[in-house]
Amino acid sequence: MSNSAVSSGAKGANFHGISLGIPVMLMLLLGMMTLRIPPVMLDAVFTFNIALALVILLVSLYSLKPLDFAAFPSVLLVATLLRLALNVASTRVVLLEGHNGGDSAGLVIQAFGDVVVGGNSVVGLVVFVVLVIINFVVVTKGAGRISEVSARFTLDAMPGKQMAIDADLNAGLIDQDQARERRELVSQEADFYGSMDGASKFVKGDAVAGVLIMLINIIGGFAIGMAQHDLSANQAIQYYTLLTIGDGLAAQIPSLLLSTAAAIMVTRINSEHDVGQQIVEQMFTDPRALFVAAVIMGVMGVVPGMPHVIFLLLALLAGGAAYMQFQKLNKEEQQQDLVDTEPEPDESQIDVSWDDVLPVDVLGLEVGYRLIALVDRAQDGELLSRIKGVRKKLSQELGFLVPTVHIRDNLDLSPTFYRITLTGVTVGEAEVHPDKWLAIDPGEVFGKVEGIATKDPAFGLDALWINESEKDHAQTLGYTVVDPSTVIATHLNKLMQEHAAELLGHDEVQQLLDLLAENSPKLAEQLVPNAVSLPVLLKVMQNLLTEKVPVRDIRTIAEVVIDASAVGTEAEYLTAIVRVALGRLIVQTIYGQIESLDVITLEPELEQMLIQAWQKGSNEAVVIEPGLAERLQASIVSSAERQEISGKPAVVLVAGSIRAQLAKFVRFSQQPVHVVCYEEIPENRQITVVATIGRS
């Protein structure tokens, strides 16, 4: 059987087994509303309704987070429809058979009318009213208000959460699949709370309908009993009132259970524990609260007139629980203090050796002692996993394995400072507050939040260190809010991108050659050392990385270097030839999939003058007068700023003979500027000149 046949069969099975379930159930509900149901079947449906309400309540209690029971609004609607259908069916039976009294409307209604309220219509009416007040005024109203507020704040926070996901994706902390999952969770969370806001109205309407149905049953039953069945006023009130109250209680109790489940779903928070575990862990783990409660209960127990046994018994239970919890905490503290310590060796007897000369780490991260928790997995530190994600993403982008980041604590640093080093030299440092979140102003926010003013270490944007309680509020105002681990990981990612050329060494190039040899052994054999030496190939790759060109396409690089080595083996010459071969990659890295490329060019006179100056000057710098150099720098920066404002990259298009020198000239300008030559532009791309730079 073909795969298509199997798929078709699976779909058919799904259609007959699942897709018809809800329509059939709705048809049954419609039948209950329109057709007369025997009392026996009515008992079965009443019992099923109570069991369904209990199951829904228990599922809401054991759910770890609201989205674990995302179908709750739909389930609430179906349960409400079932209860309303039961009300209609039971009303019909009560009005038709109520004159017979007893179990004429079913055993469940009789049990709630006789057993629960003792056959007293006044008591039953009071109990029913109390249940309605609890359900409608207390539980339903509070849950509805929480649902409304949660829905509004969840929708307001969506843009900030989306920006935080994009920030993590750009920083390499998550991949595309993880970002997609997070966006789906954000969307599902907004849909859930929006649905709960509307679903709470079902419960509210159901409570109102219960009151109206009860009044209709009593008045209608009283009239039918006296007018059609010749009952006395007392008999009509006794029969129909008890049956109506039994019917109302049988429906109101499941309604109260569903209202409680709805309230639990909207008041709980995401956690690794269910509601019961959260309550136990947060209420009964502090022995002080239990001890004070035991003392108060004991004092009340010795007051004359009080039920001494009950109060003193509860005081003993609370005191015992407090003592046991105190002993448990004491034992945990003692175990934590029992740390194996080794005697420190006598330094006067140890001679100096090569072990005292520590190798310099290519990449290092030093943290103050208050930041140690961020890198300690035992304390739920996330920085290590964030750095791992950064290294993985950057290695995939650049084309080689980025060196490991060696992390160590440094007592010479301030407690909340960190320092990033490259071959032992500091390239970046900043301060983070481990107990706060960084709210970054992306340039357009709709309000202010209280916090410690600072700058984003990675990009220099205005930012504030805020308390975690202000996180959601800041996101609704448009701030990008990130945790301290993300701040450090993003800063590290930016510095690694800027110094990518320095991260590539002989070992990394040799590993790239080993990978090339696995797929193209002849090509790798001809490349090193036959065509060029390993240091020359390393210099070519470093030149590419310096200008943000990845070296992923090692096959193309090897082929071009082998062909060009017959003419010359200078690193600068080989770099220019390789760049032309990687033209499509370079243009795609800068522009993406845009067909029309906006570029900045030089006036022919200025370009010719720079060509002549380079030919007459050294190979290290373009020899031009300082005034012209200053004006050229200012013009390029001004044009780059205009491109940045329009949201487009700043690219200067020049002749190939001066491309490398001009790239060095603008490398450290205020604005990021790409310098490409005409030969690097693919033939299928169109060029649009947006600015021309002249001598004046």
Side-chain angles (χ1 to χ4, degrees), residues 169-173 175 360-365 386-407 419-429 457-460 488-513 515-516 534-558 560-561 571-572 574-576 578-579 581-583 585-592 649-651 659-660 663-664 666-669 671-676 680:
L169 178 62
N170 294 332
L173 307 180
D175 55 25
V360 176
D361 297 328
V362 178
L363 274 174
L365 174 62
R386 299 287 173 84
I387 292 177
K388 180 181 178 181
V390 167
R391 288 186 60 232
K392 181 178 180 180
K393 184 173 184 294
L394 197 59
S395 298
Q396 293 172 347
E397 290 178 352
L398 298 179
F400 68 94
L401 182 62
V402 175
T404 303
V405 181
H406 294 272
I407 304 175
R419 177 184 297 161
I420 300 173
T421 61
L422 179 65
T423 61
V425 180
T426 301
V427 292
E429 59 183 353
F459 303 100
I488 299 176
T490 305
H491 192 191
L492 179 64
N493 177 67
K494 186 172 184 298
L495 292 176
M496 291 166 69
Q497 288 180 330
E498 293 177 351
H499 299 275
E502 300 175 59
L503 300 179
L504 183 69
H506 287 77
D507 291 340
E508 287 75 20
V509 175
Q510 184 59 56
Q511 290 173 355
L512 288 175
L513 290 176
L515 292 176
L516 179 64
L534 186 63
V536 172
L537 181 61
L538 170 62
K539 183 61 178 176
V540 171
M541 291 187 172
Q542 288 178 335
N543 290 342
L544 295 173
L545 292 171
T546 300
E547 297 192 51
K548 306 297 184 292
V549 179
V551 293
R552 297 193 302 266
D553 192 0
I554 183 63
R555 180 187 180 92
T556 299
I557 295 174
V560 173
V561 168
E572 299 297 334
L574 294 176
T575 302
V578 170
R579 281 184 61 93
L582 298 177
L585 174 62
I586 294 173
V587 171
Q588 181 174 323
T589 302
I590 299 173
Y591 291 98
V651 179
R659 193 215 62 81
K664 294 178 182 178
V666 301
R667 184 172 301 161
F668 302 104
S669 60
Q671 297 293 329
V673 180
H674 304 275
V675 182
V676 299
E680 296 170 2

Completion exercise
The reported gap from CG in Leu398 to CD in Gln497 (rounded to nearest 0.5 angstrom) is 7.0 Å
Fill in the blank from the handout: The residue among Lys664, His674, Arg659 that forms side chain to side chain donor-acceptor pair (under 3.5 Å) with Glu547 is Arg659
Handout entry: Working for side chain to side chain contact (heavy atoms under 4.5 Å, CB included), residues Leu365 and Ile387
Key = CA-CA 10 Å; Leu365 174 62; Ile387 292 177; 3.9 Å; yes
Practice task
Rounded to the nearest 0.5 Å, what's the gap from CD1 on Ile420 to CG on Leu363? Could you check?
Solution key: 9.0 Å
Exercise for the section: Dump the intermediate steps for side chain to side chain contact (heavy atoms under 4.5 Å, CB included) on Val666 and Val675, then the final yes or no. Expected result: CA-CA 8 Å; Val666 301; Val675 182; 3.6 Å; yes
Handout entry: Within-4.5 Å side-chain heavy-atom neighbours: Glu429 and Pro457
Key = no
Exercise for the section: State which residues pass salt bridge (Lys or Arg N to Asp or Glu O under 4.0 Å) with Glu502; sequence neighbours excluded, sorted by chain then number. Expected result: none
Problem - Val427 and its side-chain contact (heavy atoms from CB on, under 4.5 Å) partner, picked from Leu492, Leu495, Thr421 - result: Leu495
Problem - Partners meeting side-chain hydrogen bond (donor to acceptor under 3.5 Å, both in side chains) with Thr575 (sequence neighbours left out) - result: Asn543
Practice task
Measure across Ala581 and Val560 and return the closest heavy-atom pair with its distance rounded to 0.1 Å.
Solution key: CB-CG2, 3.4 Å
Fill in the blank from the handout: For Ala489 and Arg386 the tightest heavy-atom approach is CB-CB, 3.8 Å
Problem - For the student: nearest non-hydrogen atoms of Pro672 and Ala650, plus distance - result: O-CB, 3.8 Å
Handout entry: Gap between atom CG of Asp361 and atom OG1 of Thr423 - 0.5 Å precision
Key = 10.0 Å
Problem - Phe400 side chain near Ile554 side chain, heavy-atom distance below 4.5 Å - result: no
Practice task
Could you tell me whether Arg667 atom CZ has more than 12 heavy atoms of other residues or ligands within 6.0 Å of it?
Solution key: yes
Completion exercise
So CE of Met541 and OG1 of Thr546: to nearest 0.5 Å the spacing works out to 13.0 Å
Exercise for the section: Look only at the side chain of Asp553 and the backbone of Thr556, and say whether a donor-acceptor pair between them is shorter than 3.5 Å. Expected result: yes
Handout entry: Ile590 side chain reached by Lys548 side chain, heavy atoms, under 4.5 Å
Key = no
Exercise for the section: Please step through side chain to side chain contact (heavy atoms under 4.5 Å, CB included) for the pair Glu498 and Lys494, ending with a clear verdict. Expected result: CA-CA 6 Å; Glu498 293 177 351; Lys494 186 172 184 298; 2.4 Å; yes
Practice task
For the pair Glu508 (side chain) and Gly505 (backbone), establish whether a donor and an acceptor sit closer than 3.5 Å, ignoring hydrogens and angles.
Solution key: yes
Exercise for the section: Would you name the heavy atoms of Gly364 and Val405 that are closest together and state the gap between them? Expected result: C-CG1, 4.4 Å
Practice task
Give a yes or no on whether Lys392 atom NZ has more than 12 heavy-atom contacts from other residues, nucleotides or ligands under 6.0 Å away.
Solution key: no
Practice task
State whether the side chain of Ser395 and the backbone N or O of Val402 hold a donor-acceptor pair below 3.5 Å, judged by distance alone.
Solution key: yes
Problem - Residues that Lys539 engages under salt bridge (Lys or Arg N to Asp or Glu O under 4.0 Å), provided they are two or more places apart - result: none
Fill in the blank from the handout: Heavy-atom closest pair (Leu503 atom, Pro403 atom, distance to 0.1 Å) is O-CG, 3.8 Å
Exercise for the section: Measure from the side-chain N and O atoms of Arg419 to the backbone N and O of Thr426, and report whether any donor-acceptor pair falls under 3.5 Å. Expected result: no
Handout entry: Leu504 side chain reached by Leu538 side chain, heavy atoms, under 4.5 Å
Key = yes
Handout entry: pair Leu545-Val551: side-chain heavy atoms closer than 4.5 Å
Key = yes
Practice task
Give the C-alpha distance, both sets of side-chain angles, the deciding distance and a yes or no for side chain to side chain contact (heavy atoms under 4.5 Å, CB included) between Val651 and Tyr591.
Solution key: CA-CA 10 Å; Val651 179; Tyr591 291 98; 3.2 Å; yes
Exercise for the section: Output the distance between atom CZ (Arg555) and atom CD1 (Ile557), rounded to the nearest 0.5 Å. Expected result: 13.0 Å
Handout entry: Asn493 side chain near Leu394 side chain, heavy-atom distance below 4.5 Å
Key = yes
Handout entry: Candidates Leu513, Leu512, Asp507 - the one meeting side-chain contact (heavy atoms from CB on, under 4.5 Å) with Gln510
Key = Leu513
Exercise for the section: Determine the minimum heavy-atom distance between Gly399 and Arg552, stating which atoms define it. Expected result: CA-CG, 3.5 Å
